[in-house]
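Side chains are part of it too, since the values below use all heavy atoms of this structure and drop only hydrogens, waters and symmetry mates.
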Amino acid sequence: MDLDRDVNIEVPGQVEAGSLDRGDGTAPRFSSSAKGLALLADMLDDLAIPAAFFCEGRTLEETRDSSGCLAHFEIGVHGYDHESLGHMTRPDAIEAVRHGCQAVRDVTGRNPVAFRAPYMRQPRAVGDFLKEVGCGIHIDSSQYAYGDDCRPSLLPGYVAEIPVTEGTDAEGRRISAYLWPMHEGKRSPQDYIDLASAVPEDGVLVIADHTWHIVESRSGGVFSEDDLRENLEKTEGALRGILEAGNRPATLSEISRLAV
C-alpha cells in the first residue's frame with residue numbers, strides 16, 4: 001500500500017508532487033490518505049493480510065494522528081515529497097529518500113525495510129542506490145513483472161527485488177495488480193482474481209494500492225458515503241477472492257529470503 005498525498009500529480013517546474021487541483025490549487029492534500037489508511041488497515045486486519053505500507057515522508061508526518069494503524073504492518077519508504085527521482089541529481093535523490101526514512105523513524109520509531117519509487121520510476125542501479133541511501137532498506141518493489149518473472153530476485157547490495165504483478169486480462173489487455181483502475185470504475189474485482197491465477201504456483205503475487213484511492217477517485221473527486229461503501233466492498237471482494245483461490249499471505253521480508 002502506498003501512503004502518499006491525495007491524488008498525487010507531477011507539477012511542472014518542481015520535483016515535489018502536488019495534489020490534483022479541485023479548485024484550490026495543486027498544494028498537497030492529505031485528508032483522503034489519512035481516512036483511507038484507517039479503512040484499509042481495518043480491512044487488512046479482518047482478512048489477516050500482513051501488508052506493507054510504503055510511506056511518503058511528508059504524508060506520514062501530516063497523518064501522524066492515524067499512524068497507529070501501522071503498528072503491526074511492515075513499513076517501507078516512498079520518498080519524502082513523492083519526488084520524481086529521475087529528474088534529480090543522484091545525490092539529491094538519495095537525500096530525498098534518506099529524508100523519507102528519517103520521517104518514518106520519527107513518526108513510527110522504526111526503520112523502513114523496503115522502498116517503492118514514486119511513480120514506479122526506479123532509480124538507475126537501484127540496488128546500489130539503496131545501499132548509498134543506507135537506512136537498512138533491503139527490499140525494492142519498484143518494478144512490474146509478468147508471468148514467470150513474478151519471483152523475487154537479488155540485486156547488488158543484497159537488495160531483494162519483489163516486483164508488482166502484471167499480466168493480460170481476458171480481452172488481451174495489459175493489467176497490473178495496482179487496484180486503482182477498479183477505484184476509477186474501469187475494472188472489476190474479478191479482473192484481479194483472474195490475474196492472481198496467472199502467477200506461477202511457486203511465484204509471488206504483489207498487489208498494490210493507494211490509501212487515498214479508497215476515499216477519492218482521480219476522475220470524480222471524494223466519494224459519497226454510498227460510493228465509498230461500494231468501493232470498500234469491491235476492494236474486499238478482490239482480496240477475499242484472491243485468498244479463496246488458495247493464495248497464502250506473506251510479508252515482504254518473508255518473500256525477500258527467497259530471492260536468488
Side-chain angles (χ1 to χ4, degrees), residues 1-11 17-22 26 28-44 47 49 51-56 59 63 73 76 78-79 82-84 114-122 141-146 150 162-171 173-196 198-199 205-224 227-242:
M1 301 294 169
D2 298 348
L3 177 64
D4 48 18
R5 58 200 62 196
D6 301 350
V7 201
N8 55 76
I9 58 166
E10 293 184 85
V11 178
S19 290
L20 186 66
D21 189 353
R22 301 289 193 201
T26 59
R29 297 180 280 105
F30 307 95
S31 57
S32 292
S33 193
K35 184 174 181 179
L37 168 59
L39 293 170
L40 268 172
D42 284 346
M43 179 186 298
L44 293 166
L47 297 172
I49 295 177
F53 283 80
F54 291 89
C55 301
E56 176 210 296
T59 297
T63 61
F73 291 108
H78 197 44
H82 208 277
E83 298 88 352
S84 182
F115 169 73
R116 176 167 289 154
Y119 311 108
M120 290 290 283
R121 295 177 192 162
Q122 192 181 57
S141 186
S142 305
Q143 288 187 351
Y144 293 101
Y146 182 93
C150 295
I162 306 178
V164 176
T165 305
E166 68 176 3
T168 304
D169 68 11
E171 297 178 4
R173 299 175 300 165
R174 178 184 175 273
I175 178 174
S176 85
Y178 257 102
L179 300 182
W180 69 260
M182 182 176 68
H183 305 316
E184 298 288 341
K186 298 177 180 179
R187 287 204 175 273
S188 70
Q190 190 61 47
D191 288 326
Y192 298 97
I193 297 167
D194 292 344
L195 175 62
V199 174
L205 170 70
V206 177
I207 307 159
D209 207 349
H210 311 108
T211 59
W212 61 263
H213 235 141
I214 296 296
V215 176
E216 179 174 356
S217 79
R218 191 174 290 275
S219 59
V222 176
F223 291 124
S224 68
D227 289 341
L228 173 58
R229 192 176 305 108
E230 181 182 355
N231 192 30
L232 286 167
E233 289 171 356
K234 286 182 178 179
T235 305
E236 183 171 347
L239 297 176
R240 283 193 183 279
I242 289 167

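Scanning all heavy atoms of the two residues, the minimum distance from Glu184 to Ser219 falls at OE1-OG, 2.7 Å. Between Tyr192 and Ser176, the shortest heavy-atom distance links the atoms CE2-O, 3.4 Å. Heavy-atom minimum distance, Pro28 versus Ser19: CA-OG, 3.4 Å. Between Ser217 and Phe223 the shortest heavy-atom distance is CB-CZ, 3.7 Å. The shortest non-hydrogen separation linking Ile214 to Gly36 is CB-CA, 4.4 Å. Across Arg218 and Leu20, no two heavy atoms sit closer than the pair O-CD2, 3.4 Å.
Of the candidates Trp212, Tyr119, Phe54, Tyr119 is the only one forming a ring pair (Phe, Tyr, Trp, His ring centres under 6.0 Å) with His82.
Judged by distance alone, with hydrogens and angles left aside, the side-chain atoms of Ser142 form a donor-acceptor pair with the main-chain N or O of Ala117 at under 3.5 Å. Not one N or O on the side chain of Ser33 forms a donor-acceptor pair closer than 3.5 Å with the backbone of Leu3. Counting only distance, with no hydrogens or angles, the side chain of Glu56 and the backbone of Arg5 share a donor-acceptor pair below 3.5 Å. A side-chain donor-acceptor contact under 3.5 Å links Asp191 to the backbone of Ser188. The main-chain N or O of Gly167 is never found under 3.5 Å from a side-chain atom of Tyr144 such that the two would form a donor-acceptor pair.
No side-chain heavy atom of Phe73 sits under 4.5 Å from any side-chain heavy atom of Met1. Using a 4.5 Å heavy-atom threshold, the side chains of Arg116 and Val164 count as touching. Counting only heavy atoms from C-beta outward, the side chains of Arg121 and Ser84 approach each other to under 4.5 Å. Side-chain contact between Asp2 and Trp180 is absent, with no heavy-atom pair separated by less than 4.5 Å. The side-chain heavy atoms of Ser141 and Val206, taken from C-beta on, include a pair separated by under 4.5 Å. Contact annotation: the side chain of Arg187 approaches that of Asp169 to within less than 4.5 Å [non-hydrogen atoms, C-beta and beyond]. Residues Leu228 and Leu39 have side chains in contact (heavy-atom distance under 4.5 Å, counting atoms from C-beta outward). The closest side-chain heavy-atom distance from Val7 to Arg22 is below 4.5 Å.
Taken from NZ in Lys234 to CG in Asp227, the straight-line distance is 9.0 Å, to the nearest 0.5 Å. From Thr165, atom OG1 reaches atom CG of Leu195 across 6.0 Å, with rounding to the nearest 0.5 Å. Going from atom CG of Asp209 over to atom CG of Leu44 covers 9.5 Å, rounded to the nearest 0.5 Å. Taken to the nearest 0.5 Å, the CG atom of Leu239 stands 6.5 Å off from the CG atom of Leu179. Atom-to-atom distance recorded for Gln190:CD and Met182:CE is 12.0 Å, nearest 0.5 angstrom. Taking OG1 of Thr211 as the reference point, atom CD of Glu216 lies at 11.0 Å (rounded to 0.5 Å).
For His210, the side chain to side chain donor-acceptor pair (under 3.5 Å) partners at least two apart in sequence or on another chain are His213. Evaluation of the salt bridge (Lys or Arg N to Asp or Glu O under 4.0 Å) rule for Asp6 yields Arg29 as partners, not counting sequence neighbours.
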